[in-house]
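Structure record follows, encoded as structure tokens.
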Amino acid sequence: MTRTVYVNGTYLPEHEATVSIFDRGFLMADGVYEVTSVLDGKLIDFDGHIKRLHRSLSELDMAAPCSDDELIAMHRELVRLNNIDQGMIYLQVTRGNPGDRSFVFPSADLPPTIVAFTQDIPNLADAPAAKTGFRVISIPDLRWDRRDIKTVQLLYPSMGKMAAKKAGVDDSWFVEDGAVTEGTSNNAYIVKGNRIITRALSTDILHGITRVAVLRFAAEAQFEVEERPFTIEEAQGADEAFSTAASIFVMPVVEIDGKPVGTGKPGPVAQRLRELYLDEMRKAAI
Ligand code: PDD
């Protein structure tokens with residue numbers, strides 16, 4: 001089945017969808033994005049993703065491309081047209097096409113470019129990787145200092161993923177000033193006893209939408225949550241480690257830089273949080 005995608009108000013087959021070569025997203029990475037997961041044909045935590053989209057846009061002095069109701073309707077229409085039961089929806093908003101290349105922002109009334117497409121992942125909730133866990137390596141965090149804005153400048157995270165692939169593992173965790181910031185495309189956590197430890201929110205990391213929900217479910221399940229930096233050595237000596245993102249929900253991390261974490265197998269806390277997250281978010285999906 002040909003995928004139907006969305007470009008600036010129109011639904012069309014993916015091979016007919018085009019964006020100008022002068023688009024600021026293409027030339028300057030001047031754009032922001034969101035990834036929303038879909039389970040049972042419904043949107044997971046869409047409210048959180050819309051709120052973060054507004055925050056990213058406003059941090060870059062960009063106007064909202066359309067109303068929230070239009071965004072919800074468009075996401076639902078893409079799910080319907082592409083018959084998605086499980087998968088993801090990628091949404092990107094750029095500062096638009098000024099018709100030439102310039103470092104100066106175009107006038108604020110230039111219409112933004114808005115594109116969205118689905119990714120069909122039938123076993124997203126039941127991903128085989130969640131049963132074996134991720135093995136990760138650590139690499140220096142060489143990204144810019146506004147990682148709280150979900151921009152499309154993903155070259156360094158992509159290089160981090162390639163470094164992991166080259167090392168024969170699943171992902172990289174970034175390290176800055178001796179402490180873990182986050183994964184290439186996920187937030188990072190360790191578990192010690194009854195305590196879940198993750199870096200506090202700041203401009204150092206993306207404010208994960210999955211993170212908010214997982215920490216809430218963790219607190220409700222009587223875990224202690226401690227928001228502070230941790231080192232790779234502390235993570236290697238922890239009982240468990242895991243990552244969270246809309247694309248992986250809660251993913252156990254079983255090895256860091258060649259050393260097993262805990263038993264070297266997915267631990268009970270990460271597995272429980274994954275189950276809690278999937279159960280609760282499925283109930284609240286729209
Ligand atoms: N990435 N940190 C980074 C650097 C990310 O890119 C992501 C998400 C997260 C987790 O955020 P959330 O829980 O809202 O998905 C943390 C998405 C999934 C991606 O780029 O594909």
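When a residue number appears, it is its place in the shown sequence, counting from 1. For ligands, and for the atoms within them, numbers begin at 1 and follow the listed sequence.
- Salt bridge present: Glu234 and Arg228 bring a charged side-chain N and a carboxylate O closer than 4.0 Å.
- For atom 17 (C) of ligand 1, the nearest protein heavy atom (residue, atom name, distance) is Lys150 NZ, 3.4 Å.
- Annotation for ligand 1: atoms under 4.0 Å from non-hydrogen atoms of Thr184 are 4 (C).
- Not a single heavy atom of Arg147 sits less than 4.0 Å from an atom of ligand 1.
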Notebook entry, point to check: Can you check side chain to side chain donor-acceptor pair (under 3.5 Å) on Asp204 and Thr181, steps first, answer last?
Noted result: CA-CA 7 Å; Asp204 297 343; Thr181 50; over 6 Å; no
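- For ligand 1 and Arg143, the ligand atoms under 4.0 Å from any heavy atom of the residue are 4 (C).
- Close approach of ligand 1 to Asn187 is summarised as follows: ligand atoms under 4.0 Å from at least one heavy atom of the residue are 10 (C), 16 (C).
- In this structure, Ser37 and Phe249 approach most closely via the heavy-atom pair OG-CE2, 3.5 Å.
- Those atoms of ligand 1 that come under 4.0 Å of a heavy atom in Val35, given as number and element, are 19 (C), 21 (O).
- Within the set His49, Glu182, Gln119, the minimum heavy-atom distance to atom 3 (C) of ligand 1 is found for Glu182.
- Glu182 and Arg199 are not joined by a salt bridge, as no carboxylate oxygen comes within less than 4.0 angstrom of a charged side-chain nitrogen.
- Within ligand 1, the atoms closer than 4.0 Å to a non-hydrogen atom of Ala245 are 10 (C), 13 (O), 15 (O), numbered from 1 in the order shown.
- When only interatomic distances are considered, the shortest N/O to N/O separation between Thr244 and ligand 1 does not fall below 3.5 Å.
- Ala129 approaches Met251 most closely through the heavy-atom pair O-SD, 3.5 Å.
- Between Arg55 and Asp148, at least one side-chain N (NZ, or NE/NH1/NH2) sits under 4.0 Å from a carboxylate O, which counts as a salt bridge.
- Annotation: atom 19 (C) of ligand 1 to nearest protein heavy atom, Tyr33 OH, 3.7 Å.
- Proximity to Ala246 (heavy-atom distance under 4.0 Å) selects the following atoms of ligand 1: 12 (P), 13 (O), 15 (O).
- Distance from atom 18 (C) of ligand 1 to its nearest protein heavy atom, with residue and atom name: Ser247 OG, 3.6 Å.
- Val175 and Leu142 fall into different hydrophobic clusters, where Ile, Leu, Val, Met, Phe, Trp and Tyr residues are linked whenever their side-chain heavy atoms come under 4.5 Å apart, directly or through other members.
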Checklist line | side-chain contact (heavy atoms from CB on, under 4.5 Å) assessment of Asp47 paired with Ile286 | finding: CA-CA 9 Å; Asp47 195 42; Ile286 60 164; over 6 Å; no
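- When only interatomic distances are considered, the shortest N/O to N/O separation between Gly183 and ligand 1 does not fall below 3.5 Å.
- The shortest separation from a heavy atom of Arg52 to ligand 1 is under 4.0 Å, placing the residue in contact.
- Protein heavy atom at the shortest distance from atom 13 (O) of ligand 1 is Thr210 OG1, 2.5 Å.
- Contact annotation: the side chain of Ile209 never approaches that of Thr36 to less than 4.5 Å [non-hydrogen atoms, C-beta and beyond].
- Between Glu280 and Lys283 there is a salt bridge, since a side-chain N of the basic residue sits under 4.0 Å from a carboxylate O of the acidic one.
- Taking a cut-off of under 4.0 Å to the non-hydrogen atoms of Gly208, the atoms of ligand 1 that pass are 11 (O), 12 (P), 13 (O), 14 (O).
- For the pair Glu176 and Arg147, the salt-bridge criterion is met [side-chain N within less than 4.0 Å of a carboxylate O].
- Given atom 6 (O) of ligand 1, the protein heavy atom at minimum distance is Ser185 CA, 3.3 Å.
- A salt bridge links Asp141 to Arg143: one of the charged nitrogens lies within less than 4.0 Å of a carboxylate oxygen.
- Atoms of ligand 1 lying under 4.0 Å from any heavy atom of Asn186, numbered from 1 in the order shown and given with element: 2 (N), 3 (C), 5 (C), 7 (C), 9 (C), 16 (C).
- Ligand 1 has no nitrogen or oxygen under 3.5 angstrom from a nitrogen or oxygen of Arg211.
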